[in-house]
Amino acid sequence: MKRMQRILSALLVILLLPLTGMAETAEQGHGLRMDLSFQMNADAYPDDMQELMPGIADALNKTRLHSNLTWRGDLLSQDTSFDAQNSLSMGEREDVLSFRLLGVPSHILVSSPLLGDQQVMLNMLGWLEFSIKANFQMGIPLYQIAPFISTYANTSAFEAFLPAWQETMCAEAGSRTISAEDAIALAESIAETAENDRSFSYWLQALLLDSGCDEMVMEYLSILPDWVASFVDEEEGIQVTAADGKEIWTTGEETLFTRNGESWELTLPATEDGYTAALRWITDEESRSLQLCFGLEDETDILDFTIALSGLPTEDADAGQAVLTIDRTGEMLGETHMRWQADWSREEAAEGTRWQVRAAEINTETNAEMLVISGTLTAYTPDTIPAWTAWDVIDQGVNIFSVYEDTLTEFVHNIAKPFVQQILPVLAELPYSTYQSLFALMEQFHVLDLLSMSL
C-alpha cells in the first residue's frame, strides 16, 4: 500500500510537468490529451513485494491509458473546474473500459458503463474521515493513500486556520509589527481550531496513524500559546522588515523567517523540552525543493523530509530530464527513498504543444527501473471551458463516502448487471497471475469481506 502512495503522488507530479506556467488567469481554459503505456519490471521491486508484483506487472504491461483532460485556470487550485474523459486499452482490445471524471476538487462525479445508469459522487469533504473509519470498522487501510490522491484532502485540512492567520500575520504588506498580544491570541486560535476541526484531525490521523505521532502533535498544539509567549518579545513583538524582494521576521534575538524572492526559510525556536523545527522552500527557474526537519536539539530524529524536483521545462528548452526525489527518515513517518526521472521533449504541432515523456521509477538501492510510463501528451486550448461548481455535482450521484449497509447493498445490486457485462472483456485479458495478486490484495485489505457484506 505504501508503494501505491509513492506511485500515485509521483505520477501526479510527472503528468503535470508539462503544465508548468499554464495558469495565466482564473478563467483560462486548458486541454491535455494523454496516451500512456506502462512497463513494470517486477523483479526490480524489493523482496517483500515479490509475491504480489508479478501479477500486477503482467496486467499493467498490457494496459494503455487514453485521457482527454480539460480544466479552467490552475489545475492544482481549489477554484478550478475539470472534465476528464478516460479509457483503457488492454492487449489487442481498444477502449475496453471507459470512465469520466468531472467537477471541482471538493466534489467529483464519476460515470462509467461499469456503473450503468448510476453515477458516483466523491464528496472529498468526507474522504479522509471515510478512510479512517474504513480502517477502524473494516480493516481497510485507505488512510495510507488518502492524503496522496487528492489535493483537496490536504488544503481543506488548513482552511479553518487561514482566517485568523491572515488577519494577524498578513493584515498589511511591507514592514510592520505584530504585537506579542496578537501573536499569542493567534496561537490560542490555532490550538482551539486544531482541537475541534474535523478536517484537520482526520488529515493528521491519516498521515501519522501508523507512527502514533498524531497524539504527540496534538499535545504540542495544545500548549502552542505558552510556547509562543515564551519567545515572543513582550515589548517589540514580531518585527517584519521587507524591502527589495526580501523579508525578515525577528523577535528579540530570534530570526523566525527569511524570504528572498520566492525562496524562504522558517526556523522555530526550541520548545521547553528541546525540540526544534525548520522548513525550507528553495526555488529557481528549473527546480523546486522542500525540506522539513524536526527533532531534539537540532537533530532530525523525529522527521527529516525532503522533496526535490529538478530539470523542470523552461521556456526555451525543447528537451531535458526532470528528476523527482523524495527522501524521508525519522520515527514520525518512517523511512522512504524514492526517485523518478522523466526524459521529455516537446514540439509545436497543429493541434498544440506535443510532449514525449518517458518517466521511470528507480530502485534507489539497485538503480534498476521498476516502472516506466511512456507516452505522448498534447497540450491544447479547448473550445469549451469546464465551469462546474460543487452544487452542479453534489446531488448527481450516490455519495459513496456516506453509504451504510442498506444503501451499499442497493447500490451494488443496481450496478451488478452492467458491471459484469462491462468487466468481462477486461477479465478475459488478465493472466492467471493477475488473479492471484488481486485476490491476495483483496484478502489482505478485507475487500472480500466488504463485498460479501453487500450481497
Determine the minimum heavy-atom distance between [X] and [Y], stating which atoms define it.
| X | Y | result |
| --- | --- | --- |
| Val426 | Met90 | CG1-SD, 3.7 Å |
| Val110 | Leu115 | O-CD1, 3.9 Å |
| Leu266 | Trp264 | N-CE3, 4.1 Å |
| Glu361 | Tyr45 | OE1-OH, 3.8 Å |
| Glu429 | Gly91 | OE1-CA, 4.0 Å |
| Asp392 | Ala387 | OD2-O, 3.9 Å |

Please work out which of the three classes, parallel, tilted or perpendicular, describes the rings of [Y] and [X], given edges at 30° and 60°.
| X | Y | value |
| --- | --- | --- |
| Phe200 | Phe161 | perpendicular |
| Trp344 | Trp355 | tilted |
| Tyr275 | Phe294 | tilted |

Does [Y] offer a backbone N or O that forms a donor-acceptor pair with the side chain of [X] under 3.5 Å?
| X | Y | value |
| --- | --- | --- |
| Asp304 | Gly330 | no |
| Ser106 | Met124 | no |
| Asn135 | Ile132 | no |
| Arg176 | Ala242 | no |
| Trp127 | Ala146 | yes |
| Asn196 | Glu192 | yes |
| Tyr435 | Leu427 | yes |
| Asn61 | Met40 | yes |
| Arg259 | Trp249 | no |
| Trp388 | Phe82 | yes |

A side-chain contact here means heavy atoms from C-beta on lying under 4.5 Å apart; do [X] and [Y] qualify?
| X | Y | result |
| --- | --- | --- |
| Leu36 | Arg64 | no |
| Phe401 | Lys133 | no |
| Leu371 | Trp340 | yes |
| Thr329 | His337 | yes |
| Ile184 | Val232 | no |
| Ile400 | Leu122 | yes |
| Leu97 | Leu114 | yes |
| Met332 | Val217 | yes |

What's the spacing between [X] [atom1] and [Y] [atom2] if we round to 0.5 Å?
| X | Y | atom1 | atom2 | answer |
| --- | --- | --- | --- | --- |
| Arg280 | Thr306 | CZ | OG1 | 9.0 Å |
| Leu292 | Trp281 | CG | CH2 | 13.5 Å |
| Gln28 | Ile385 | CD | CD1 | 7.5 Å |
| Ser150 | Ile145 | OG | CD1 | 11.0 Å |

Polar contact flag, side-chain donor to acceptor under 3.5 angstrom, [X]-[Y]:
| X | Y | result |
| --- | --- | --- |
| Gln85 | Ser67 | no |
| Ser77 | Asp74 | no |
| Glu195 | Ser222 | no |
| Thr353 | Glu348 | yes |
| Thr283 | Arg288 | yes |
| Asp95 | Ser98 | no |

Practice prompt. Show your working on side-chain hydrogen bond (donor to acceptor under 3.5 Å, both in side chains) between Thr376 and Gln356 and close with a plain yes or no.
Written response: CA-CA 5 Å; Thr376 301; Gln356 298 293 333; 3.1 Å; yes
Practice prompt. Pick out which of Leu128, Leu209, Asp214 makes a side-chain contact (heavy atoms from CB on, under 4.5 Å) with Leu204.
Written response: Asp214
Worksheet entry | With Met338, the side-chain contact (heavy atoms from CB on, under 4.5 Å) member among Asp327, Ile326, Ile362 | Ile326
Worksheet item: Run the side-chain hydrogen bond (donor to acceptor under 3.5 Å, both in side chains) check on Thr336 and Arg328 step by step: do they pass?
Response: CA-CA 5 Å; Thr336 294; Arg328 190 182 71 190; 2.8 Å; yes
In terms of heavy-atom contacts, does [atom1] of [X] have more than 12 from other residues, nucleotides or ligands at under 6.0 Å?
| X | atom1 | value |
| --- | --- | --- |
| Gln321 | CD | yes |
| Glu181 | CD | no |
| Glu215 | CD | no |
| Glu219 | CD | no |
| Glu315 | CD | no |
| Glu94 | CD | yes |

Item to complete: Take Gln291 and Cys293, measure what side-chain contact (heavy atoms from CB on, under 4.5 Å) needs, and give me the verdict at the end.
Response: CA-CA 7 Å; Gln291 182 181 25; Cys293 300; 3.5 Å; yes
Worksheet item: Between Asp83 and Arg100, is there a salt bridge with N-O shorter than 4.0 Å?
Response: yes
Worksheet entry | Full working for ring-ring contact (aromatic ring centres under 6.0 Å, His included) between Trp227 and Tyr220 | CA-CA 9 Å; Trp227 174 64; Tyr220 275 107; 8.8 Å; no
Fill in: Thr151 and Gln78: CA distance, side-chain angles, deciding distance, side-chain hydrogen bond (donor to acceptor under 3.5 Å, both in side chains) verdict
CA-CA 8 Å; Thr151 59; Gln78 302 314 305; 3.2 Å; yes
Discussion item. Working note: Leu88 + Leu65, criterion side-chain contact (heavy atoms from CB on, under 4.5 Å); need CA distance, chi angles, decisive distance, verdict.
Written reply: CA-CA 5 Å; Leu88 297 177; Leu65 171 65; 3.7 Å; yes
Practice prompt. Could you go through the side-chain contact (heavy atoms from CB on, under 4.5 Å) check for Phe419 and Val412 one step at a time?
Written response: CA-CA 9 Å; Phe419 185 90; Val412 171; over 6 Å; no
Worksheet item: Should Leu290 and Leu279 be marked as a side-chain contact (heavy atoms from CB on, under 4.5 Å) after you check the CA-CA gap, both sets of side-chain angles, and the distance that decides it?
Response: CA-CA 7 Å; Leu290 177 71; Leu279 181 62; 3.6 Å; yes
